Amino acid sequence: MTTIAPGGRIGILGDGQLGRMMAMAAAEMGYFVHVFGPGKDSPAAQVSHRSTVADYTDKAALDAFARSVDVITLEFENIPTETLTYLSERVPVRPNARVLEITQDRYFEKIFISNLGIGTANFANVENIDELVQAISHIGTPSILKTRRLGYDGKGQARIDQASAIDPIWEEMQGAPSILEEFVKFRMEISVIVARGVDGETACYCPVENRHKNHILATTLAPADISKRLSSRAEEIAVEIATKIDLIGLLAVEMFVTEDDTILVNELAPRPHNSGHWTIEACAANQFRQIIRAVCGLPLASPVRHANAVMTNLLGNDIADWPKILQDPDNSLHLYGKGEPRDGRKMGHVTKLLPLNKKP
Ligand code: AMP
């Protein structure tokens, strides 16, 4: 079935805050959400019609999940691809397993992007210490060694400088297949979120600037303060990747803008993204509504923004500032219903809107 009409049942794999905001958007549009993930009392389950707490490899639970929904999407890209393939034999899964196969692995992802003629930092595959030494001689220093799989927010990454001792760095990777990347001296980090529908229609939110602290997104400024030419190029890149990867759903494309205004793609995420939370207040249709439209085969909404915005993440104990945040009547506070505010844990975010003629 291509179109799932309002009243239909949407399955979401993953149970975090992105699933929570997707479930709320789906409910606003008249859908029923069944969320599937390993966490008890998860942020997504708290606001969903149904939830299953099970491992992603639990076939009996997956069978029951597939029977209970009309379409399945995800809020987390590290779902085993076998799980997606298994589910897709039962019910449409959007995005498909191949999209995840590519985006779960930094090496496959970079090969895919560079085969499209789109720039990335220079990179090399590294599976042992000899390959690491060889890669350093090609790529030079400073460079960054990253595990190919399961790294996020700077986890599984090590910077290599000229004076670095290589052995302990390789040991830290614990034999995990990795890539070595040239260290990019970027002027700005930006991202573009593009939606692509069942019929290939695409819609991009404007490029935004992302500022990180300790490798974790701290603030998003919408729009990014870049030229029209760069902005169009960034959108063009996002659309090209979404189209060629045959996405149905949402794709966040993280990019570096270098000093000489070259765009290099850093990372892809085939789901709603932290750098798109500002769209909840600033756009007629936010990223969560947009992905629901895309995976249900509905026409996409206009991604046009009616305000500029600054989104700030509330990490760990930042959440204790909620009374102060609410003192400013222009702040929109979002909390994710998580328990313990561990260091660096994404507990919520706050968005402040600005007029379109005021730079964020
Ligand atoms: P990632 O996990 O690849 O998204 O990296 C997290 C953050 O580390 C990025 O947002 C950048 O701030 C920084 N970073 C990652 N790769 C590079 C690179 N090749 N050159 C410079 N900074 C990088």
Side-chain angles (χ1 to χ4, degrees), residues 74 76-78 81 84 95-127 135 138-140 143-154 156-157 177-196 200 202-210 212 215 217 224 226 229-276:
L74 50 97
F76 171 64
E77 64 270 33
N78 288 315
T81 50
L84 259 69
N96 65 34
R98 184 172 163 268
V99 172
L100 261 73
E101 220 170 282
I102 296 169
T103 56
Q104 280 176 357
D105 183 309
R106 291 182 191 275
Y107 183 60
F108 293 162
E109 188 171 272
K110 286 221 157 53
I111 295 272
F112 183 85
I113 295 163
S114 46
N115 281 346
L116 297 177
I118 294 168
T120 67
N122 288 324
F123 64 98
N125 187 33
V126 171
E127 303 208 4
H138 266 86
I139 286 168
S143 44
I144 305 187
L145 187 64
K146 302 179 178 178
T147 54
R148 282 173 53 169
R149 303 176 72 87
L150 295 173
Y152 67 98
D153 289 345
Q157 298 194 12
S178 300
I179 60 169
L180 185 75
E181 264 181 45
E182 150 200 27
F183 189 85
V184 177
K185 287 187 206 75
F186 53 80
R187 151 170 101 74
M188 190 187 285
E189 288 190 77
I190 63 169
S191 59
V192 172
I193 295 174
V194 58
R196 186 165 180 273
T202 58
C204 279
Y205 293 103
C206 69
V208 296
E209 175 178 353
N210 297 319
H212 294 80
H215 296 279
L217 182 66
I226 52 176
R229 185 190 66 80
L230 268 185
S231 178
S232 317
R233 178 64 192 139
E235 292 190 13
E236 211 174 79
I237 287 172
V239 169
E240 169 87 355
I241 296 173
T243 304
K244 293 287 164 55
I245 210 168
D246 200 20
L247 174 91
I248 299 177
L250 224 54
L251 182 76
V253 184
E254 293 183 51
M255 314 176 203
F256 300 128
V257 179
T258 65
E259 289 297 343
D260 64 357
D261 274 355
T262 302
I263 293 179
L264 303 175
V265 172
N266 177 38
E267 210 176 21
L268 308 178
R271 52 165 171 79
H273 195 255
N274 195 168
S275 69

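In what follows, residues are counted from 1 in the order of the sequence shown. Quick caveat: nothing in here was measured; it's all calculated off a predicted structure.
A salt bridge links E127 to R148: one of the charged nitrogens lies within less than 4.0 Å of a carboxylate oxygen. Residues R98 and E101 are not paired through a salt bridge, judged by the lack of any N-O separation under 4.0 Å between the basic side chain and the carboxylate.
Distance check: I144 CD1 to S178 OG gives 12.5 Å after rounding to the nearest 0.5 Å. A distance of 6.5 Å separates CD in E254 from OG in S191, rounded to the nearest 0.5 Å. Separation of atoms CG (L268) and NE2 (H273) is listed at 10.0 Å; rounding is to 0.5 Å. Note: L251 CG to I245 CD1 = 6.5 Å, rounded to the nearest 0.5 Å. Rounding to the nearest 0.5 Å places CG of N122 at 11.0 Å from CD1 of I179. Separating the CD1 atom in I102 from the CZ atom in F112 is a distance of 4.5 Å, to the nearest 0.5 Å.
No donor-acceptor distance shorter than 3.5 angstrom exists from the side chain of E209 to the backbone of A224, with no hydrogens or angles considered. Side-chain atoms of T243 come within 3.5 Å of backbone N or O of V239 as a donor-acceptor pair.
Scanning both residues, C204 and V192, for their nearest heavy atoms gives SG-CG1, 4.0 Å. The two residues E181 and N266 have their closest heavy-atom pair at OE1-OD1, 4.0 Å. Between P95 and L84, the shortest heavy-atom distance links the atoms O-CD2, 3.8 Å. In terms of heavy-atom proximity, I118 sits nearest to I241 at CD1-CG1, 3.7 Å. For the pair I237 and M255, the tightest heavy-atom approach, listed with the atom from each and the gap, is CG2-CE, 4.4 Å. Pairing each heavy atom of N210 with each of S275, the nearest pair is OD1-CB, 3.3 Å.
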**OP:** Could you walk me through whether I248 and N96 pass side chain to side chain contact (heavy atoms under 4.5 Å, CB included), step by step?
**Re:** CA-CA 8 Å; I248 299 177; N96 65 34; over 6 Å; no
Subject >> Residues D246, V99; criterion side chain to side chain contact (heavy atoms under 4.5 Å, CB included); working and verdict >> reply: CA-CA 8 Å; D246 200 20; V99 172; 5.7 Å; no
Subject >> Candidate pair E259 and K185, rule salt bridge (Lys or Arg N to Asp or Glu O under 4.0 Å), full reasoning >> reply: CA-CA 7 Å; E259 289 297 343; K185 287 187 206 75; over 6 Å; no
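In this structure, the side-chain hydrogen bond (donor to acceptor under 3.5 Å, both in side chains) partners of R187, at least two apart in sequence or on a different chain, are D261. Annotation: side-chain hydrogen bond (donor to acceptor under 3.5 Å, both in side chains) contacts of H212 (sequence neighbours excluded): E189.
Residues T147 and Q157 have side chains not in contact (no heavy-atom distance under 4.5 Å, counting atoms from C-beta outward). Using a 4.5 Å heavy-atom cutoff, the side chains of P270 and E77 are in contact. Inter-residue side-chain proximity for T120 and L264 is flagged as unmet; no heavy-atom pair is nearer than 4.5 Å. Within the 4.5 Å cutoff, the side chain of E109 has no heavy atoms near those of the Q104 side chain. Between E240 and L116 there is a side-chain heavy-atom pair separated by less than 4.5 Å. Proximity of P177 to R149: side-chain heavy atoms (C-beta onward) are nowhere separated by under 4.5 Å.
Using bins of under 30°, 30° to 60° and over 60° for the plane-to-plane angle, the ring pair F123/Y107 lands in the perpendicular bin.
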